[in-house]
Amino acid sequence: VTRSGVGNLLKQLGIVDAVYEVKKGQGQSYKTVQQELRKYNFRNIFSPHESLRTCFFIKGIKAQNKVGFKKFARSIFFN
């Protein structure tokens, strides 16, 4: 999952298998991608963002392990 405009570069570099782009600041864009990702059960999710919006986004996706920044306020989102 990346912001709009970055996905093609990640695919071309072979870093990712699939890309889901969101338009920053547009809630419906996040909802649409989250609904698509709910169809899958992931083994691991790594979140390199500290934002609370990202935490809530990750919370709505099924995964065995969710890894993010270690901060008390965000401990409910990650294991």
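Heads up: numbering here begins at 1 and tracks the sequence.
- K24 is linked by a salt bridge (Lys or Arg N to Asp or Glu O under 4.0 Å) to nothing, counting only residues two or more places apart in sequence or in another chain.
- Rounding to the nearest 0.5 Å gives a distance of 13.0 Å between CD1 of I58 and CZ of R53.
- Interatomic distance, OG of S47 versus NZ of K59, reported as 14.5 Å (0.5 Å rounding).
- Hydrophobic clustering (ILVMFWY, side-chain heavy atoms < 4.5 Å, transitive): V16 and Y40 are in distinct clusters.
- Using a distance-only test at 3.5 Å, with no hydrogens or angles considered, no donor-acceptor pair links the side chain of R43 to the main chain of N65.
- The side-chain heavy atoms of V1 and F57, taken from C-beta on, include a pair separated by under 4.5 Å.
- Panel note: side chain S29, backbone K23; a donor-acceptor pair is recorded below 3.5 Å.
- Y20 and Y30 end up in the same hydrophobic cluster when Ile, Leu, Val, Met, Phe, Trp and Tyr side chains are linked at under 4.5 Å.
- In this structure the side chain of N44 never reaches within 4.5 angstrom of the side chain of Q64, judged on heavy atoms.
- Pairing each heavy atom of G60 with each of R38, the nearest pair is O-NE, 3.0 Å.
- The same ILVMFWY cluster, assembled from side-chain heavy atoms under 4.5 Å apart, contains both V33 and I45.
- Legend: residues meeting salt bridge (Lys or Arg N to Asp or Glu O under 4.0 Å) with E21, ordered by chain and number and at least two apart, are absent.
- In this structure, the separation between CG on D17 and CG on L10 is 11.5 Å, given to the nearest 0.5 Å.
- Under the 4.5 Å side-chain heavy-atom criterion for Ile, Leu, Val, Met, Phe, Trp and Tyr, V22 and I61 are members of the same hydrophobic cluster.
- Closest heavy-atom contact between V19 and K11: CG2-CG, 3.3 Å.
- Atom NZ of K31 sits about 9.0 Å away from atom CD of Q34, to the nearest 0.5 Å.
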